[in-house]
Asks: 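Below is one structure. I have some questions about it.
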Amino acid sequence: MIGDFAIIPPEEAGAVLTIDLDAYASNWRLLRDRAGGADCAAVVKANAYGIGIEMAVPKLLAAGCRTFYVAHLAEARRVRALTGEAVIYVLNGFLPGTAPVYAAHGLRPVLGSRAEIDEWAGFAAAHPEAPPAAIHIDTGMNRLGLPPEEVEGVARTLPFTPALILTHLASAEDRTDPSNARQLADFTRLRGHFPEIPASFCNSAGTFIESVAAFDQIRAGVALYGANPTPGQPNPMREVVRLEARILQLRDVPDGAAAGYNGKWTARGPRRLATLSIGYADGYLRSASGWDVKAGQGIDAGIALVGGVACPFAGSVSMDLIVIDVTDAPADALARGKTVVMIGDGLSVDEVAARAGTIPYEILTSLGRRYARIYRNA
Ligand SMILES: *Cc1c(COP(=O)(O)O)cnc(C)c1O
């Protein structure tokens, strides 16, 4: 195993995932510099956005990162096993009865409701060695966090001193969205009920909005993994993830031939097709399928780069296979066993996501478990 991934020899694998950990650490340093003097915490929830907690965390520790965020307690225990003194926050608050686990491993819950705060306060009163907690204030998502009208009352009666106050931006990737300024104003006002307590406001994209303050800590996630925190502008981050899939078969089809399940793609003229050993069971989303009706509506479908040429998906993404139209690809790139590029060489996770009708977070966290995984610069 590498982390919790089975080791699969690249020559046996349908697709090979290469993760550049130097690019990952360099992205952390860029975000740290961007944060000015604020602490640059790394968000490593969902197995470090799919790249693997056991490889990601040591690299960031070596780069100087000392604060980590996860979503679940089980993830926090994995991070703790890799780090001595690092600060670890668990974003999903805490489930009833789990406070002793937080204390046993020195993990900090992010408390976001009266009920969580009361249970934690009861535990902390009886266990003076309990780690400090953060308090999450909701400034507009109605998801997690204390509603604004409860903040003053909680602050007045809180029997412990929180380590951190935080909130989360709803639309940071659109810097023109007026909700950013409104959330900033609300947070600035509400954190005033906790004087002297450090505060955290920005995710990756928030860190790149000029008018938004970093406060004492940023919580950097998706940009560490190479996604663009400034959509619509050049990506300042380095590519971390590269995905290559292998060609299983090539065939020439006549005009009007259909490809894949339900014949949702038809050849316009004689075409050359390649069948790739990758599918939705590998996390390559079926929503990227190349269907005639999508083309008719001008909706982009998935592509692969073959010898540098963009080749469109032909038909539905199947569980284990994708067919692409390689008619325009250079002949020397086309042979059984050769690889084509699914992510990388400028085909960014952002573009792959857009072509699947989703966001880069879903592409990263869906990265499959059947890939041969190669970690560069571990
Ligand atoms: C996931 C998450 C982050 C990281 O967000 P990115 O957009 O990936 O940088 C930060 N804060 C909270 C509360 C989160 O849930």
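Count residues from 1 along the sequence. As the structure lists them, so they are numbered: ligands from 1, and atoms in each ligand from 1. Here the structure is a predicted model, which means the values were calculated and not measured.
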Asks: Looking only at protein heavy atoms, which one is nearest to atom 11 (N) of ligand 1, and what is the separation?
Replies: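 Going atom by atom, the protein heavy atom closest to atom 11 (N) of ligand 1 ends up being Arg219 NE, 2.9 Å.
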Asks: Would a line drawn from the ring center of Tyr225 to the ring center of Tyr24 be shorter than 6.0 Å?
Replies: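 They qualify: ring centres under 6.0 Å apart.
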Asks: Do the rings of Phe123 and His127 sit parallel, tilted or perpendicular, given the 30° and 60° boundaries?
Replies: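 Parallel, since the angle between the ring planes stays under 30°.
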Asks: Could you check whether any heavy atom of Tyr69 sits closer than 4.0 Å to an atom of ligand 1, since that is the contact criterion I want to use?
Replies: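 Under 4.0 Å: no for Tyr69.
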Asks: Check whether the side chains of Gln249 and Arg251 place a donor and an acceptor atom closer than 3.5 Å, and report yes or no.
Replies: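 Their side chains do contain a donor-acceptor pair, which is all the 3.5 Å distance test asks for.
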Asks: Heavy-atom distances under 4.0 Å are what count here, so tell me which part of Leu91 touches ligand 1: side chain, backbone, both or neither.
Replies: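 Near ligand 1, Leu91 shows its side chain, while the N, CA, C and O stay back.
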Asks: Provide the number and element of each atom of ligand 1 under 4.0 Å from a heavy atom of Val222.
Replies: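 Result: 6 (P), 8 (O), 9 (O).
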Asks: What's the shortest distance from atom 9 (O) of ligand 1 to any protein heavy atom, and which residue and atom give it?
Replies: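 The closest one turns out to be Ser204 OG, 2.5 Å.
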Asks: Do Arg219 and His168 have side-chain N/O donor and acceptor atoms under 3.5 Å apart?
Replies: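 Note: Arg219 and His168 side chains meet the donor-acceptor criterion.
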Asks: For atom 14 (C) of ligand 1, what's the nearest protein heavy-atom neighbour? Residue, atom name and distance, please.
Replies: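 Looking at atom 14 (C) of ligand 1, the protein heavy atom closest to it is Lys45 NZ, 3.0 Å.
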Asks: Verify the distance criterion only: is there a donor paired with an acceptor across the side chains of Thr188 and Arg191 at less than 3.5 Å?
Replies: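 On atom types as modelled, these side chains do not qualify, holding no pair under 3.5 Å.
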Asks: For atom 5 (O) of ligand 1, find the nearest protein heavy atom and state the residue, atom name and distance (0.1 Å precision).
Replies: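 Residue, atom and distance for the closest contact: Asn203 CB, 3.4 Å.
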Asks: Is the side chain of Ser113 donor-acceptor paired with the backbone N or O of Glu116 at a distance under 3.5 Å, no angle test?
Replies: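 Flag set: sc Ser113 to bb Glu116 pair under 3.5 Å.
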Asks: Check each heavy atom of His136 against ligand 1 and say whether those closer than 4.0 Å belong to the side chain, the backbone, both or neither.
Replies: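 Under 4.0 Å from ligand 1, His136 contributes no heavy atoms.
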Asks: Taking only heavy atoms of Tyr49, which atoms of ligand 1 are found under 4.0 Å from at least one of them?
Replies: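 Listed by number with element, the hits are 1 (C), 4 (C), 5 (O), 6 (P), 8 (O).
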Asks: Going by distance alone, is a donor N or O of one side chain under 3.5 Å from an acceptor N or O of the other, for Tyr361 and Tyr49?
Replies: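 Side chains of Tyr361 and Tyr49: no pair found under 3.5 Å.
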Asks: What about Ala205: any of its N or O atoms under 3.5 Å from an N or O on ligand 1?
Replies: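 Looking only at distances, the answer is no, because the N/O contact criterion of under 3.5 Å is not met.
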Asks: Quick one: nearest non-hydrogen protein atom to atom 7 (O) of ligand 1, plus distance?
Replies: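 Among all protein heavy atoms, the one nearest atom 7 (O) of ligand 1 is Tyr361 OH, 2.6 Å.
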Asks: Quick check on Arg336: does its CZ atom have over 12 non-hydrogen neighbours (other residues, nucleotides or ligands) under 6.0 Å away?
Replies: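 Open.
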Asks: Please list, in number order, the atoms of ligand 1 under 4.0 Å from a heavy atom of Val43.
Replies: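 Numbered from 1, ligand 1 contributes 3 (C), 4 (C).
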